[in-house]
Number of protein chains: 4
Amino acid sequence: MHERSATGGADGGRRSRGARTRARLLQAATRVFAERGLEAARVDDIVAAARTSHGTFYLYFGNKEELFAALAEEVAAELQALADDLPEQLVEDRAALRAWLARLTSTYRTHGPVLRAWTEAEVHGDAFGRLGTDLHARFGRALLRRLPRLDGLDPQLTAVALVAMIERLNYYQLAGHVRLRRDVMLDALTDVVVRMLDSRR
Amino acid sequence: MHERSATGGADGGRRSRGARTRARLLQAATRVFAERGLEAARVDDIVAAARTSHGTFYLYFGNKEELFAALAEEVAAELQALADDLPEQLVEDRAALRAWLARLTSTYRTHGPVLRAWTEAEVHGDAFGRLGTDLHARFGRALLRRLPRLDGLDPQLTAVALVAMIERLNYYQLAGHVRLRRDVMLDALTDVVVRMLDSRR
Amino acid sequence: MHERSATGGADGGRRSRGARTRARLLQAATRVFAERGLEAARVDDIVAAARTSHGTFYLYFGNKEELFAALAEEVAAELQALADDLPEQLVEDRAALRAWLARLTSTYRTHGPVLRAWTEAEVHGDAFGRLGTDLHARFGRALLRRLPRLDGLDPQLTAVALVAMIERLNYYQLAGHVRLRRDVMLDALTDVVVRMLDSRR
Amino acid sequence: MHERSATGGADGGRRSRGARTRARLLQAATRVFAERGLEAARVDDIVAAARTSHGTFYLYFGNKEELFAALAEEVAAELQALADDLPEQLVEDRAALRAWLARLTSTYRTHGPVLRAWTEAEVHGDAFGRLGTDLHARFGRALLRRLPRLDGLDPQLTAVALVAMIERLNYYQLAGHVRLRRDVMLDALTDVVVRMLDSRR
DNA sequence: GATGAATGAGAATTCATTCAT
DNA sequence: GATGAATGAATTCTCATTCAT
């Protein structure tokens, strides 16, 4: 099917008409998912937002889920790259840890609508649920590998707990449940992670 | 409307016919929500599971959401009581903290299906979203009040982060994303909380 | 079935319990028909207004229509008696004509709710439609018999037209489409009828 | 929404597919309302009569009432134009009056089904009730303006009474309560109106 | 006589998806 | 490539009527 990049917009209208239509649909869907949520979003809303027609929608995507998959996979790729880039030294290099958390936060902010919709899918327990679980696991494993010897702490659970905390805090921020200044949150989060992992204290 | 108690289950069939039917619907809905999720659950599924009719359903609940509200409010009450019972001394009295975490975990396990559906509603951003946010805030405030002086840690964020961690970990356990033995998880979680809050170290 | 008078209330509680319940249902139905209309009135509304139960309703009436029939027949009887009492001399005895019109107006006012519901049934074209048409015809024939020789006017149509006018004007008054003082309306209506029929002018 | 003209019928199939479908629905609804009445008519009946589907119905109309509104407004426009065209000289120019009554009768005949349904709506007291009352008032005012000085007759009531008579007589004819030859009815009606208004007699 | 819980056949409405143009 | 009218299965909700107590 149509697998050209849908959002890499730097080719200023050079893409074929089809590619542009597809991209317009993806962008529109992002907006609609953000406003209505995944389940409540109607194909009708999406094609209206994209100023195109039902027929066109099905020209590019087999159904709503398939469109969402295209969106989600982009974000997943970004998050996986992020997981792999977790600094080797978490405690020793606070600056690197903070920078990494900043990247993560940016990603959450940029892809907020998709991530929120994803959380919804996750609850439904379908394909995206699994994708989400995999991502979590990947984050957990990346963290686990960098974890210093922790006197008495179960490393697996610690990793999971940290991921949960980081991920949820970003999610709350995204959903508007908490409203913290970006730098305050980053400082504090860095503190918390370091505090938990620094066995020298 | 018919608002008799639906769960006071210890009266073995003594309740009036109506009360029993209502309770049957609540139980059936719990099962269906667990299996299908809140959004995907059909009134049809619920009445089939309760071995009753559509008409009867609407005799007791205005719609699916209202039924879920009845379910959710029970759980909310329990969780709020729990928030209020958080031990005064978190670091000094490990045993009390662990016991409290155990209670929380039990609640999560007992009301798993409802909580999972709740998370779903939360994403949709409707009334339960707010109820959930309130609950979170309550947990956060309770924790904040018990927090020892933390050298350099932002207390508010620490509280939120801890709640996020505890809550999510329980949720993961519930959703099957992680599978940890109950006592291992409790020990580890206690460790993590104490470690974060213990300023004597 | 139960054919005792339902509204002749002067026997102060002497009626059997059943008769009282039946009367309560009839009164309640009158109120509900007035508020909601015939079609929109629910058995539920009626039994609520009568402070009784669904089961009881069907103890006394086979269905909603049957109850309405009981109500309508009382009014029909009154209107038929009225038709038969039309004064012999319409033009010569203005006072008698005015008195008769006053009786008709009173009847409309007293049985307003039922008559309004009746008009509704009439449109639906069911049994009451026929009953209503019969009544109209009876009024028309009564009028026709008293009509003086009218130079050049078709007597049948004149009678029908007069009935239509009288009936409609009362209906408008009832429905609130026009709001005229009772005596003004009676005087004017008397004038109009006399003017139309007085061939001496 | 789809608001293209639905009745401009002289373009024999030139209209777009949508416009034709919409027109088919309107025609079908007219038939169904005539047969079953407004309240009893089912969307199902209408789409069956129009040989289309439920989905299509809701593509063009929000619901049954909205469809009826479209129908009723056409007729209302015609009746309002008629009210405005009432001849200036009612008594002096019998021929003009008769012609006007003929037009009114034709309108009633042409739009019979809609008018009958309208009467039903009027009883229910909803939006069409008001529209109908307005129309009546308009007829009344038009008549009032043309009314000659009437020795002793209340002009307002006379106008209302005449409108009631004319309107009802046409309605009876339509509903089949009376069955008069068209020219006989027109002659008689003209006679009655002139007789009532002619002060020279 | 009276009750009110239970029923289930309908009715309205929505929305993903198809397909002729 | 694009369109948008048409579809109909799926779903929610209502309400007259029955019936066990």
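Throughout, a chain's letter reflects where its sequence line sits, starting with A, and its residues are numbered from 1. As the structure is a computational prediction, the values presented were derived from the model and not from experiment.
Side-chain nitrogen and oxygen atoms of B:Y60 include at least one within less than 4.0 Å of the OP1 or OP2 phosphate oxygen of E:dA6. A sub-4.0 Å separation between OP1 or OP2 of F:dA2 and a side-chain N or O of A:R17 is present. Listed pair A:T52 / F:dA2 fails the phosphate criterion, with no side-chain N or O lying under 4.0 Å from OP1 or OP2.
Per the geometry, CD belonging to B:E65 stands 15 Å off P belonging to F:dT11, to the nearest Å. Regarding A:R24, its CZ atom lies at a distance of 10 Å from the C1' atom of F:dA2, rounded to whole Å. With rounding to whole Å, A:F61 atom CZ is found 16 Å from E:dA16 atom C1'. The distance from atom CG of C:L38 to atom C1' of F:dA16 is 14 Å, rounded to the nearest whole Å. The nearest whole Å value for the distance from the CG atom in B:L59 to the P atom in F:dT18 is 18 Å. What separates CZ of A:R20 from P of F:dA2 is a distance of 9 Å, to the nearest Å.
When every heavy atom of D:V114 is checked against every heavy atom of D:L71, the shortest pair comes out as CG2-CG, 3.8 Å. Across A:E39 and B:E39, no two heavy atoms sit closer than the pair CG-CG, 3.0 Å.
Checked against side-chain contact (heavy atoms from CB on, under 4.5 Å), B:H111 has the following partners two or more places apart in sequence or in another chain: B:V75, B:E78, B:T107, B:L115. Residues satisfying the side-chain contact (heavy atoms from CB on, under 4.5 Å) test with D:A117, not counting sequence neighbours, are D:F33, D:L38, D:F68. Residues forming a side chain to side chain donor-acceptor pair (under 3.5 Å) with A:T30 (at least two apart in sequence, or on another chain): none. Under the rule for a side-chain contact (heavy atoms from CB on, under 4.5 Å), the partners of D:R42 that lie at least two apart in sequence or sit in another chain are D:D44, D:D45, D:K64. Residues satisfying the side-chain contact (heavy atoms from CB on, under 4.5 Å) criterion with A:R17, sequence neighbours excluded, are A:R20, A:T21.
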Query raised in the report: How would DNA chain F look in dot-bracket form, 5' to 3', counting Watson-Crick and G-U wobble pairs with both distances under 3.5 Å and writing | for bases paired to another strand?
Result: .||||||||||||||||||||

Report summary line: Letter by letter from the 5' end, nucleotides 8-15 of chain E scores (B base, S sugar-phosphate only, - none; protein heavy atoms under 4.0 Å) B--SSBBB

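Mapping B:T21 and C:R51 onto DNA chain E by nearest heavy atom places C:R51 closer to the 5' end of the strand.
The only member of B:I46, B:L25, B:L59 that meets side chain to side chain contact (heavy atoms under 4.5 Å, CB included) when paired with B:T52 is B:L25.
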Query raised in the report: Are B:F61 and B:L26 close enough, and set up right, to give a side-chain contact (heavy atoms from CB on, under 4.5 Å), and what steps lead you there?
Result: CA-CA 10 Å; B:F61 305 100; B:L26 284 167; 3.9 Å; yes

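Taking atom C1' in both F:dT21 and E:dG1, the straight-line distance is 13 Å, to the nearest Å.
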